[in-house]
Amino acid sequence: MLEIVTFTLGPAMTNSYLIAEKGSDTAAVIDPAWDGHVILGAADQRGWRIANIWLTHAHFDHLGGAAAVADGSNPPPPVALHPDDYWLWRAQGGAPAFGLEIDPGPEPTVDLAHGQKLYLGQLELEVLYAPGHTPGHVMFYFPAENVLFCGDVIFQFSIGRTDLPGGDYDTLINSIREQVLTLPDETRLLNGHGPETTVGVERQYNPFLQG
Ligand SMILES: [Zn+2]
Ligand SMILES: [Zn+2]
């Protein structure tokens, strides 16, 4: 069973997820958005060691806490990212365009690819490539748990913005149709901003996906 600790952090109110298999002391962080010390504190409290940082994409508001999480973990966890977002990572995730300066933390050393399997304890997750919000956006799918960590691909009744560098609307809609709507209705969508939703609810009510 998957344990999920959710934080909403930083200037863009970004959701960050600290996750571990129940009974295991090895955790991962999906999108250490901001305030890495808060994430570290929650891990400490549970006796968890953060062994991996998995990024859905390289926008600054999804990785602003990576440096602090890495600094406070021994050994520092490797950072995983899809290579098509490396340019964005090197550009501080676009922070300067918002008047911000961030330390993006340790350079990504794990290249994510569509269909790749990752492990959290005994739990298997699959990397799903879903470009459009950014060129190298991925989602993390736990099929046995009916959980999809979908970053900024799809939100409750909305979708990711495509007006930032590298964004493309048609590509995003295509990603949602092929990688999200193909999953079972009961799949939980834990996204980058706002409340949790499900595939079934979005299939029926998301205004961007009708017709
Ligand atoms: Zn984003
Ligand atoms: Zn975001």
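These figures come from a predicted structure and were not determined experimentally.
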Subject >> Between CG on residue Leu164 and NE2 on residue His57, distance to nearest 0.5 Å >> reply: 9.0 Å
Original post:
Any chain of hydrophobic side-chain contacts (each under 4.5 Å) joining Ile53 to Ile30?
Top reply: no
**OP:** Would you check if the side chain of His59 reaches a backbone N or O of Asp61 as a donor-acceptor pair within less than 3.5 Å?
**Re:** no
Subject >> Rounded distance [0.5 Å steps], CG in Leu63 versus CG in Leu81 >> reply: 8.0 Å
Original post:
Mind checking whether Met13 and Val29 sit in one hydrophobic cluster, side chains of I, L, V, M, F, W, Y counted as touching below 4.5 Å?
Top reply: no
**OP:** Supply the atom-to-atom distance Thr182 OG1 to Arg203 CZ, rounded to the nearest 0.5 angstrom.
**Re:** 8.0 Å
**OP:** Evaluate side-chain contact (heavy atoms from CB on, under 4.5 Å) for Asp185 paired with Thr198, printing each intermediate quantity in order.
**Re:** CA-CA 7 Å; Asp185 274 350; Thr198 66; over 6 Å; no
Subject >> Heavy atoms of other groups near Tyr205 OH, more than 12 under 6.0 Å >> reply: no
Subject >> Heavy-atom check, side chain of Glu202 versus side chain of Leu189, under 4.5 Å >> reply: yes
**OP:** List the atom of Pro76, the atom of Ala70, and the distance in Å for their closest heavy-atom pair.
**Re:** CB-O, 3.7 Å
**OP:** Kindly say whether Gln122 contributes a backbone atom to a donor-acceptor pair with the side chain of Glu21 at under 3.5 angstrom?
**Re:** yes
Original post:
Quick one: does Asp31's side chain have a donor or acceptor within less than 3.5 Å of a partner on Gly151's backbone?
Top reply: no
Original post:
Side-chain heavy atoms under 4.5 angstrom apart, residues restricted to Ile, Leu, Val, Met, Phe, Trp, Tyr: same cluster for Leu9 and Val5?
Top reply: yes
**OP:** Is it possible for you to say whether Phe7 and Val69 belong to one hydrophobic cluster, with membership spreading through side-chain heavy-atom contacts below 4.5 Å?
**Re:** yes
Subject >> Nearest heavy atoms of Ala58 and Asp85, plus distance in Å >> reply: N-OD2, 3.0 Å
Subject >> Ile50/Leu18 under side-chain contact (heavy atoms from CB on, under 4.5 Å): CA gap, chis, key distance, verdict >> reply: CA-CA 8 Å; Ile50 297 173; Leu18 173 66; 4.1 Å; yes
Original post:
Taking the side chain from Thr14 and the backbone from Ala33, do they hold a donor-acceptor pair closer than 3.5 Å?
Top reply: no
Could you list the donor-acceptor pairs under 3.5 angstrom formed by side chains in residues 169-176, with sequence neighbours left out?
| from | atom 1 | to | atom 2 | distance (Å) |
| --- | --- | --- | --- | --- |
| Thr171 | OG1 | Asp168 | OD2 | 2.6 |
| Ser175 | OG | Pro131 | O | 2.6 |
| Ser175 | OG | Thr171 | O | 3.1 |

Original post:
Taking the side chain as C-beta and beyond, is there a heavy-atom pair between Leu2 and Leu120 under 4.5 Å?
Top reply: yes
**OP:** Give the minimum heavy-atom separation between His82 and Gly136, together with the two atoms involved.
**Re:** CB-O, 3.1 Å
**OP:** Nearest 0.5 Å please: distance from the CG atom of Leu125 over to the CH2 atom of Trp54.
**Re:** 4.5 Å
Original post:
With no hydrogens and no angle check, is any side-chain donor or acceptor of Glu126 less than 3.5 Å from a backbone partner on Phe142?
Top reply: no
**OP:** Taking atom NZ of Lys117 as the centre, report whether more than 12 heavy atoms of other residues, nucleotides or ligands fall under 6.0 Å from it.
**Re:** yes
**OP:** Locate the shortest heavy-atom distance separating Ile19 from Trp48; write the atom from each residue and the value.
**Re:** C-CZ3, 4.3 Å
Subject >> Hydrophobic cluster identity match, Leu123 and Phe149, side-chain contacts under 4.5 Å >> reply: yes
**OP:** Search all heavy atoms of Pro32 against all heavy atoms of Ser16 and return the closest pair with its distance.
**Re:** CA-OG, 3.5 Å
**OP:** Kindly indicate whether the side chain of Leu128, heavy atoms from C-beta on, has any atom under 4.5 Å from the side chain of Leu148.
**Re:** yes
Subject >> Note, Pro143 side chain near Thr187 side chain (heavy atom, < 4.5 Å) >> reply: no
**OP:** Indicate yes or no: at least one non-hydrogen side-chain atom of His193 is less than 4.5 angstrom from one of Asp152.
**Re:** yes
N/O donor to acceptor pairs below 3.5 angstrom from side-chain atoms of residues 90-115, sequence neighbours left out:
| from | atom 1 | to | atom 2 | distance (Å) |
| --- | --- | --- | --- | --- |
| Gln92 | OE1 | Ile102 | N | 2.8 |
| Asp103 | OD1 | Gly105 | N | 2.9 |
| Asp111 | OD1 | Tyr86 | OH | 2.3 |
| His114 | ND1 | Tyr129 | N | 2.9 |

Original post:
Would you find a donor on one side and an acceptor on the other, under 3.5 Å apart, between the side chain of Asn206 and the backbone of Phe208?
Top reply: yes
**OP:** Give me the ring orientation class for His137 and His133: parallel if the planes are under 30° apart, tilted from 30 to 60°, perpendicular past 60°.
**Re:** perpendicular
Original post:
Quick one: which of Thr6, Ile4, Thr197 gives a side-chain contact (heavy atoms from CB on, under 4.5 Å) with Leu190?
Top reply: Ile4
Original post:
Does the side chain of Asn191 reach to within under 4.5 Å of the side chain of Asn15, using non-hydrogen atoms?
Top reply: yes
**OP:** Measure the CD-SG distance between Glu196 and Cys150 for me, rounded to the nearest 0.5 Å.
**Re:** 10.0 Å
Original post:
At their closest point, which heavy atom of Ala51 faces which heavy atom of Thr26, and how far apart are they?
Top reply: CB-CG2, 3.4 Å
**OP:** Sort out for me which residue in Ser73, Pro75, Pro77 forms a side-chain contact (heavy atoms from CB on, under 4.5 Å) with Arg49.
**Re:** Pro75
